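All values derive from a computational prediction rather than experimental measurement. All values below were derived from every heavy atom in this structure, side-chain atoms included, with hydrogens, water molecules and symmetry-related copies excluded.
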Amino acid sequence: MAKKRSCRRTISENIIHEKAVKMRRMTDEKLVFYVQEQIDRARNDGFNLGKKQITKSKPVSIEEIIKEIEKVRGIGVTKLADIQEILAKHLGDF
């Protein structure tokens with residue numbers, strides 16, 4: 001493949017070329033250290049980004065849910081007991 005003249009490269013291509021030349025001139029030890037540093041930085045950035053994206057959920061109050069369900073017409077004591085069992089099974093004892 002023919003060599004591309006540097007006068008015909010864009011600014012971004014020149015930046016990439018300079019980085020590639022710099023990496024090719026590194027010793028093995030420096031190259032491994034550089035790559036490991038980039039991996040660690042990427043992991044930290046991803047971890048911190050993930051922490052920011054976590055939404056804080058408000059705690060679930062099963063008692064408030066039960067009180068609200070009691071107000072629904074057509075739900076009697078038996079159905080309410082069944083609903084309480086289901087909530088306790090999936091959300092833990094209350």
Side-chain angles (χ1 to χ4, degrees):
M1 192 164 147
K3 202 173 178 183
K4 190 172 187 178
R5 290 190 172 178
S6 63
C7 63
R8 295 189 181 152
R9 285 192 209 123
T10 64
I11 294 172
S12 62
E13 287 175 333
N14 278 334
I15 292 171
I16 291 172
H17 176 73
E18 289 172 10
K19 286 182 181 180
V21 169
K22 183 180 174 184
M23 288 178 71
R24 281 193 294 268
R25 290 183 179 167
M26 288 183 181
T27 63
D28 289 345
E29 186 177 349
K30 287 181 182 178
L31 185 61
V32 169
F33 180 75
Y34 174 77
V35 170
Q36 190 62 43
E37 185 179 289
Q38 294 298 319
I39 291 170
D40 291 341
R41 186 179 303 157
R43 282 186 183 147
N44 287 337
D45 290 346
F47 180 75
N48 292 334
L49 183 64
K51 276 176 120 177
K52 290 178 185 177
Q53 290 178 348
I54 294 175
T55 58
K56 302 204 177 187
S57 61
K58 67 178 193 175
V60 177
S61 174
I62 297 175
E63 295 165 356
E64 290 179 16
I65 295 171
I66 297 297
K67 286 179 184 177
E68 193 171 331
I69 292 173
E70 284 176 346
K71 296 176 185 176
V72 176
R73 293 181 71 183
I75 295 182
V77 178
T78 308
K79 282 284 189 203
L80 193 59
D82 292 341
I83 292 170
Q84 285 177 337
E85 286 179 27
I86 293 170
L87 288 174
K89 176 182 168 187
H90 289 284
L91 300 176
D93 293 328
F94 54 96

Note to self: According to side chain to side chain donor-acceptor pair (under 3.5 Å), who are the partners of N14, at least two apart in sequence or on a separate chain?
What the structure shows: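 By the side chain to side chain donor-acceptor pair (under 3.5 Å) rule, N14 matches R9.
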Note to self: List the residues meeting side chain to side chain donor-acceptor pair (under 3.5 Å) with T27, not counting sequence neighbours, and say none if there are none.
What the structure shows: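 T27: no side chain to side chain donor-acceptor pair (under 3.5 Å) contacts found.
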With a cut-off of 3.5 Å and sequence neighbours excluded, list every side-chain donor-acceptor pair involving residues 68-78.
none

Under 3.5 Å, which donor-acceptor pairs link side chains of residues 33-43 to any protein atom two or more places apart or in another chain?
unit_1: Q36; atom_1: NE2; unit_2: D40; atom_2: OD1; d: 3.4
unit_1: E37; atom_1: OE2; unit_2: R41; atom_2: NH2; d: 3.4

Notebook entry, point to check: From K22 NZ over to K19 NZ, what is the distance, rounded to the nearest 0.5 angstrom?
Noted result: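 If I round to the nearest 0.5 Å, the distance is 9.0 Å.
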Check: Rounded to the nearest 0.5 Å, what separation is found between the CD atom of E63 and the CD atom of Q84?
Finding: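 That separation rounds to 9.5 Å.
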Notebook entry, point to check: Just wondering, are more than 12 heavy atoms of other shown residues or ligands nearer than 6.0 Å to CG in D28?
Noted result: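 No, not enclosed.
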Margin query: Taking transitive links into account, so neighbours of neighbours count too, which hydrophobic residues share a cluster with I11 at under 4.5 Å side-chain distance?
Written below: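 Grouped by the 4.5 Å side-chain rule, I15 form the rest of the cluster around I11.
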Note to self: Which Ile, Leu, Val, Met, Phe, Trp or Tyr residues join V32 in one cluster when any pair of side-chain heavy atoms under 4.5 Å counts as a link?
What the structure shows: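 The other cluster members (ILVMFWY side chains, heavy atoms under 4.5 Å, direct or chained): none.
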Checklist line | Within-4.5 Å side-chain heavy-atom neighbours: I66 and L87 | finding: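 The answer is yes, as the side chains (C-beta and beyond) meet within the 4.5 Å cut-off.
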Checklist line | Nearest heavy atoms of E13 and R8, plus distance in Å | finding: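 Answer, listing the atom of E13 first, then R8: OE1-O, 4.2 Å.
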